[in-house]
Structures are given as structure tokens and as C-alpha cells.
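Okay, so here's the structure we're looking at.
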Amino acid sequence: MPQPILETKNLTKIYNLGQENEFEALHSINFTAQAGEFLCVMGPSGSGKTTFINNISTIDLPTKGRVCIDGADIRTMSANEIGRFRSKTLGFVFQEFNLLDTHTIYENIAMPLALAKTKKKEARERVETVAAQMGIQEILHKYPGECSGGQRQRGAICRALVMDPKIIIADEPTGNLDRRSANEFLELVGRLNREQGVTIIMVTHDPLIASYSSRLVYIKDGIIEQTIEKEQMSQKEYFWRITEINASESKALFV
Ligand code: ADP
């Protein structure tokens, strides 16, 4: 068995709400992702999806337990080391795109390269390569406010890709996109996964979007309640299984 690209051991997150009031949002989660997987994380609102994503991607640190990414134990790193490791290994795509409105799409994409002090010529080549991959060469000079939602999300993917990350972490990346742009986004992400072996970990509430993944991780009340591997299933069968899991939550309300 190859070394997993991401592994958690007893990952526990407790939020301190003050005055000795604590809330355990994740309960001792053991989780493994292999390089090249396309994972979707689903679950009811408030079940711990964002907490999980933040804790497996160095945005937040667990209260207890271990997170290893690409063989590195996050607990053993200083804050500076974590920052460098994050920008080298992980790319992030969020629902709100998180592009800076005062910077052009080019400048937004180039930002991680500037922070890593990459030489100008190399940075330009890198930006142009990812922009060509995502088909947004012609909007590089525009500001985010001048672009459509789909174009802004492609810009955000380019920024996530520009450092050549091993894992892309996406939290509801299609939440602000219309169906057509969401499909385009999935096509692009799917291609990155298949052709370049980038591992994808994506939170979504949309079963259709989740049906593009290779494994579904269903979180409920701070634990991984179920996982479904797509394996030999057709996308349609897989979609129905995902729909059933999500529907069981709503059905339970009527029992
Ligand atoms: P989801 O992404 O599935 O909607 P979250 O991970 O955002 O769930 O939240 C899981 C639980 O942890 C919720 O009950 C939420 O209220 C709580 N929570 C999330 N962030 C914080 C925080 N910073 N402080 C206290 N409680 C939090």
C-alpha cells in the first residue's frame, strides 16, 4: 500500500466557547486519502464539514490527534514552516472565490508566486500556462468585478494551481455558480485529477456534483458516518446512492 497523501489519526477539534464552555465539533476521526483520489465531503449543515476541511488543510490546527500531509506531521512544524508547506502543497478554492477586487486576474493568480519570491519571468510563464489550461488568457488584464462568476472561479482555480499543488481543497466551490459554470468547473477539476493526478477534496451539498467524485465521505455529528466508493458503479447509480444518503437525513425528520 503506498503512503497516503493525507492521513488523520484521532483528529479531534474542540471549540472553546469561553467560560469553560466547550464544543467538540470533530470526534477522533481516522481518515486516509490516497494520492490521485477525488473525494467529496457531504453532510448536514453544522455536522463539521468545514471544521474537517480546515483541520486537514492546515487552516486550523486540531485540538487532539494527528494530521499528516504528504508524509509530513503538521504538529512538528512551526507556524512559518506550515505557511511555506501550505503554499507548496495545497491549493484552495472557495465559494466566494476570494479574489482581491483591486487586483487584476493576472495579479491575483500571480500572488502566491510573488509571496514565494519567484522570478518575474518564471512567474509570467507559470501564470500563462495555468491560464491557458483553464481557458482564461483573454481576461488576465481584467479586474474580478469585470468578469462573470464562472470566469472568477476559473481565476481562483488558476491561483490554486499556480504553485503546482499536490492537493486541491475546495469548500462549496460551485455554491455561487449557475449550473453551466458549475459543470465547466467540474470538467476542469476532473481533468486535473485524471490527467495530472492532483488529489481533490471538495465539500459540496449537491449530489450531482458529488457524483463526479471517486469516493464520498459523509460527515454527521462530527464523525465520518459513511463512505461510499464509486468503484464499478455507473455515475447514475453512484448519484442515486448519494441522493439516498442525503435524503435519509430529511426522511428522519418525519419519523
Ligand atoms: P458544516 O461545515 O458542516 O456546516 P461546521 O464545521 O461549520 O459545520 O460546524 C460544526 C459545528 O461546530 C457547528 O455546530 C458549529 O456551530 C460549530 N463551530 C464551527 N466553528 C466554530 C467556532 N469558530 N467556534 C465555535 N463553534 C464553532
Side-chain angles (χ1 to χ4, degrees), residues 6-33 37-69 74-75 79 82-83 86 90-98 149 153 156-157 160 167-177 182 185-186 189 199-228 239 241-253:
L6 201 150
E7 188 172 27
T8 74
K9 284 262 159 59
N10 302 320
L11 164 59
T12 302
K13 182 68 189 181
I14 301 172
Y15 289 115
N16 192 338
L17 306 171
Q19 294 181 334
E20 294 178 22
N21 190 3
E22 292 183 333
F23 177 75
E24 190 166 307
L26 298 178
H27 314 297
S28 203
I29 292 186
N30 293 316
F31 165 80
T32 306
E37 279 199 88
F38 183 167
L39 288 171
C40 263
V41 178
M42 296 186 97
S45 177
S47 57
K49 300 179 297 293
T50 296
T51 305
F52 178 66
I53 282 284
N54 288 349
N55 278 271
I56 60 169
S57 63
T58 75
I59 289 183
D60 202 354
L61 294 174
T63 315
K64 287 185 248 170
R66 199 156 65 115
V67 174
C68 286
I69 307 172
I74 305 307
R75 275 182 319 188
I82 291 178
R86 183 190 303 135
L90 304 168
F92 293 89
V93 184
F94 299 99
Q95 180 171 1
E96 304 79 22
F97 318 134
N98 288 6
Q153 191 56 301
I157 305 176
I167 308 176
I168 292 203
I169 305 279
D171 195 350
E172 293 277 3
T174 57
N176 280 335
L177 298 180
F185 172 84
L186 276 170
V189 167
T199 306
I200 316 280
I201 304 182
M202 179 162 89
V203 176
T204 182
H205 64 268
D206 184 336
L208 185 59
I209 284 171
S211 71
Y212 284 81
S213 69
S214 55
R215 178 155 62 110
L216 176 84
V217 175
Y218 191 80
I219 295 189
K220 194 176 161 195
D221 298 333
I223 59 164
I224 295 180
E225 196 198 48
Q226 288 193 58
T227 61
I228 308 178
F239 167 75
R241 287 286 303 280
I242 295 169
T243 307
E244 272 167 25
I245 290 190
N246 283 276
S248 64
E249 195 56 36
S250 314
K251 280 184 195 158
L253 291 174

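Indexing begins at 1, ligand by ligand and atom by atom, following the structure's order.
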* To do: List, ordered by chain and residue number, the protein residues whose closest non-hydrogen atom lies under 4.0 Å from any atom of ligand 1.
  => Tyr15, Leu17, Phe23, Ala25, Pro44, Ser45, Gly46, Ser47, Gly48, Lys49, Thr50, Thr51
* Would a distance-only check, ignoring hydrogens and angles, find a side-chain to backbone donor-acceptor pair under 3.5 Å from Thr32 to Asn30? -> no
* Expected output: side-chain Lys13 to main-chain Leu61 donor-acceptor under 3.5 Å -> yes
* To do: Please name all residues satisfying side-chain contact (heavy atoms from CB on, under 4.5 Å) with Ser47, sequence neighbours left out, ordered by chain then number.
  => Pro44, Lys49, Ile219
Side-chain donor-acceptor pairs under 3.5 Å in residues 167-177, sequence neighbours left out?
{"unit_1": "Asp171", "atom_1": "OD2", "unit_2": "Thr50", "atom_2": "OG1", "d": "3.2"}
{"unit_1": "Glu172", "atom_1": "OE1", "unit_2": "His205", "atom_2": "ND1", "d": "2.9"}
{"unit_1": "Glu172", "atom_1": "OE2", "unit_2": "His205", "atom_2": "ND1", "d": "3.1"}
{"unit_1": "Asn176", "atom_1": "ND2", "unit_2": "Gln95", "atom_2": "O", "d": "3.2"}

* Asked: Taking Thr58 for the side chain and Ile82 for the main chain, is one N or O donor matched with an acceptor at less than 3.5 Å?
  -> no
* Structure fact -> Sorted by chain and number, sequence neighbours left out, salt bridge (charged side-chain N to carboxylate O under 4.0 Å, His left out) with Arg241 holds for none
